[in-house]
**Student:** 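Attaching a single structure in structure tokens format; questions to follow.
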Amino acid sequence: MTNNDILRRLRYTFDFSDTKMIGVFRHAELAVTRVQLTSWLKKEEESGYVRMPDVEMASFLNGLIIEKRGRQEGDQPVAEKRLNNNIIFRKLKIALNLTADDILAILKLAGVRLSKHELSALFRKQGHQNYRECQDQVLRNFLSGLQSQMRDKTPSVKADKPQRITATAVATSAKPVRKPSAEKRQAADVQFVVDKPAGEKRDVKKPGQRKHSTAKPAIKKVAADTAAKETVIDTNSVWAKALAKSTKKS
């Protein structure tokens, strides 16, 4: 793999913009212009393609470590003038703070299975008796698995989570949706009207209806009783008795 291939893959995996990429280089004290970055991101068959040197790629990876994990105190790591797949793989492991199990899981997403012993051999220092050279296929599959995990991964649906059932759910043969009974629907439709007090009622005249007297039968009866009482009182008065005596003498 070329440095240009790795740079393009990492840009897509982390969804970095041009401004973000330039900032990552700046973390490692390397000033990169937008024209330089564009030329590195192009493919070999495209016009304006420029092969990315190892020292610039090492600076980007050092800047990625600072971007992901923060700047450490003391002297900062110096960019290597010569890179290989083992160094690139180790820098990505440090930047993402990955354990051996994490890396094996990422490789598994790309269809590659390694043992922990085989993986540890890739991170040994060159010259160690257990050191093994990292092939392009291993690094390429690691970048593919990382892309699948961080960029292309879709949210999974929990199978044990109960589904929410609403009143508008469609009935199925297994579990039909219950509808309210006719009695409950009728009870829900009943409306109660509170009558106003008797003093507030008014007679409303309908079209074509004759106007009736507003006097009530009870009031008429009281007036008749009062007149009868007045008649009895008048027959017992003084002038009524005098009139009765004169009638008898005549």
Side-chain angles (χ1 to χ4, degrees), residues 1-32 36-37 39-42 50-110 112 114-153:
M1 296 183 68
T2 64
N3 294 330
N4 302 67
D5 294 334
I6 298 172
L7 187 67
R8 283 194 301 269
R9 286 173 175 264
L10 293 177
R11 171 189 169 91
Y12 179 81
T13 299
F14 298 112
D15 195 17
F16 284 164
S17 63
D18 290 349
T19 304
K20 188 68 175 180
M21 295 282 288
I22 293 174
V24 173
F25 281 105
R26 192 178 295 114
H27 288 326
E29 306 299 333
L30 179 62
V32 174
Q36 285 179 301
L37 179 63
S39 62
W40 291 336
L41 293 173
K42 289 184 178 182
V50 176
R51 187 177 181 87
M52 187 178 187
D54 285 349
V55 64
E56 274 79 3
M57 187 66 211
S59 297
F60 177 80
L61 294 174
N62 291 341
L64 185 63
I65 294 174
I66 298 174
E67 174 69 23
K68 295 296 184 180
R69 305 191 61 176
R71 186 181 298 274
Q72 297 181 355
E73 297 180 358
D75 297 335
Q76 301 302 316
V78 180
E80 292 84 351
K81 295 182 180 180
R82 294 293 301 271
L83 285 179
N84 56 32
N85 291 342
N86 298 69
I87 297 175
I88 294 173
F89 203 174
R90 188 186 307 114
K91 286 181 179 292
L92 291 175
K93 175 180 180 292
I94 296 172
L96 301 177
N97 194 22
L98 298 174
T99 63
D101 292 333
D102 295 334
I103 296 176
L104 294 178
I106 292 173
L107 289 172
K108 188 176 180 181
L109 292 176
V112 177
L114 289 179
S115 65
K116 288 188 177 181
H117 177 73
E118 293 173 327
L119 181 62
S120 63
L122 301 178
F123 299 124
R124 299 288 185 183
K125 289 184 178 182
Q126 193 171 3
H128 192 277
Q129 60 178 0
N130 294 327
Y131 172 83
R132 295 292 180 273
E133 184 179 351
C134 180
Q135 302 296 325
D136 286 348
Q137 183 181 3
V138 176
L139 182 59
R140 184 182 297 108
N141 286 319
F142 171 77
L143 293 174
S144 299
L146 187 65
Q147 174 182 318
S148 177
Q149 184 186 70
M150 301 190 66
R151 182 72 186 269
D152 301 335
K153 184 179 179 180

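If you're wondering where the values come from, they're calculated on a predicted model, not measured in any experiment. Along the sequence shown, the residues carry numbers beginning at 1.
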**Student:** Going from CD1 on Ile6 to CZ on Phe89, what distance comes out if it is rounded to the nearest 0.5 angstrom?
**Tutor:**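 Reported value, rounded in 0.5 Å steps: 11.5 Å.
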**Student:** Roughly how far apart are Arg90 CZ and Lys125 NZ, rounded to 0.5 Å?
**Tutor:**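 One gets 8.5 Å once the value is rounded to the nearest 0.5 Å.
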**Student:** Between Asn85 and Gln135, what is the shortest heavy-atom contact and its length?
**Tutor:**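 Heavy atoms only, the tightest pair is ND2-C, 3.6 Å.
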**Student:** Counting neighbours of NE2 on His128 that are heavy atoms of other residues, nucleotides or ligands and sit closer than 6.0 Å, is the number greater than 12?
**Tutor:**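 Buried by this count: over 12 neighbours within 6.0 Å.
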**Student:** Which heavy atom in Trp40 sits nearest to a heavy atom in Arg51, and how many Å separate them?
**Tutor:**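 That would be NE1-O, 4.2 Å.
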**Student:** Apply salt bridge (Lys or Arg N to Asp or Glu O under 4.0 Å) to Arg9 and list each qualifying residue two or more places apart in sequence or on a separate chain.
**Tutor:**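 For Arg9 there are no salt bridge (Lys or Arg N to Asp or Glu O under 4.0 Å) partners, ignoring immediate neighbours.
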**Student:** For residues 95-105, which residue pairs pass the salt bridge (Lys or Arg N to Asp or Glu O under 4.0 Å) check, not counting sequence neighbours?
**Tutor:**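 Sorted pair list: Asp101-Lys116.
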**Student:** Show the nearest heavy-atom pair for residues Ala95 and Ile65, with the distance to one decimal.
**Tutor:**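 The answer is CB-CG1, 3.7 Å.
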**Student:** Nearest 0.5 Å, please: how far is NZ in Lys20 from CZ in Arg11?
**Tutor:**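 The NZ atom of Lys20 is 13.0 Å from CZ of Arg11, to the nearest 0.5 Å.
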**Student:** Counting only heavy atoms not in Lys108, do more than 12 fall under 6.0 Å of its NZ?
**Tutor:**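 No, not enclosed.
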**Student:** How long is the gap from CG on Leu41 to CG on Asp18, to the nearest 0.5 Å?
**Tutor:**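 These two atoms lie 7.0 Å from each other.
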**Student:** Assess whether side-chain contact (heavy atoms from CB on, under 4.5 Å) is satisfied between Val112 and Val138, documenting all intermediate values.
**Tutor:** CA-CA 8 Å; Val112 177; Val138 176; 5.7 Å; no
**Student:** Applying side-chain contact (heavy atoms from CB on, under 4.5 Å) between Leu96 and each of Ile103, Leu64, Leu146, report the one that passes.
**Tutor:**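 With Leu96 as partner, side-chain contact (heavy atoms from CB on, under 4.5 Å) holds for just one option, Leu146.
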**Student:** Return the set of residues passing salt bridge (Lys or Arg N to Asp or Glu O under 4.0 Å) with Asp15 (not counting sequence neighbours), or none when no residue passes.
**Tutor:**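 With neighbours one apart ignored, the set is Arg151.
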**Student:** Is it true that atom CZ of Arg71 has more than 12 heavy atoms of other residues, nucleotides or ligands lying nearer than 6.0 Å?
**Tutor:**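 Enclosed.
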**Student:** Specify the closest pair of heavy atoms between Ala100 and Leu119, including all atoms of both residues, with the distance to one decimal.
**Tutor:**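 What the structure gives for the nearest pair is O-CD2, 3.7 Å.
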**Student:** Please report the interatomic distance CG(Asn130) to NE2(His117), rounded to the nearest 0.5 Å.
**Tutor:**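 It comes to 5.5 Å.
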**Student:** Check the pair Gln76, Ile66 against side-chain contact (heavy atoms from CB on, under 4.5 Å), reporting the backbone distance first and the verdict last.
**Tutor:** CA-CA 10 Å; Gln76 301 302 316; Ile66 298 174; 4.0 Å; yes
**Student:** With a 3.5 Å cut-off and sequence neighbours excluded, list the donor-acceptor pairs that the side chains of residues 54-62 form with protein atoms.
**Tutor:**
residue, atom, partner, partner atom, Å
Asp54, OD1, Asn3, ND2, 2.8
Asp54, OD2, Leu83, N, 3.2
Ser59, OG, Val55, O, 2.9
Asn62, OD1, Lys91, NZ, 2.6
Asn62, ND2, Ala58, O, 3.3

**Student:** Which pairs with one or both residues in residues 127-146 pass salt bridge (Lys or Arg N to Asp or Glu O under 4.0 Å), sequence neighbours excluded?
**Tutor:**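 Applying salt bridge (Lys or Arg N to Asp or Glu O under 4.0 Å) to every pair that reaches into residues 127-146, excluding sequence neighbours, yields nothing.
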**Student:** Which distance, rounded to the nearest 0.5 Å, do you find between the CD1 of Ile87 and the SG of Cys134?
**Tutor:**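 Reported to 0.5 Å precision, the distance equals 11.5 Å.
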**Student:** Answer yes or no: is there a side-chain heavy-atom contact under 4.5 Å between Leu143 and Leu10?
**Tutor:**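 Touching, per the 4.5 Å side-chain cut-off.
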**Student:** Of all residues at least two apart in sequence or in a different chain, which pass the side chain to side chain donor-acceptor pair (under 3.5 Å) check with Thr2?
**Tutor:**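 Expected list: Asp5.
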**Student:** Verify, without hydrogens or angle tests, whether Asn141 (side chain) and Leu107 (backbone) share a donor-acceptor contact under 3.5 angstrom.
**Tutor:**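 Such a contact is absent between Asn141 side chain and Leu107 backbone.
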**Student:** Can any side-chain N or O of Gln72 pair as donor or acceptor with the backbone N or O of Gly70 at less than 3.5 Å?
**Tutor:**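 Checked: no pair found.
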**Student:** Is there a side-chain contact between Gln149 and Leu109 (heavy atoms, below 4.5 Å)?
**Tutor:**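 Gln149 vs Leu109: side chains touch.
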**Student:** Can you give me the closest heavy-atom contact between Phe142 and Ile106, atom names plus distance?
**Tutor:**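 Shortest heavy-atom contact: O-CG2, 3.6 Å.
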**Student:** Quick one, Ile88 and Met1 - any side-chain contact, counting heavy atoms below 4.5 Å?
**Tutor:**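 Ile88 vs Met1: side chains apart.
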**Student:** For residues Phe25 and Met52, report the shortest heavy-atom separation together with the two atoms involved.
**Tutor:**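 It is CZ-CE, 3.7 Å.
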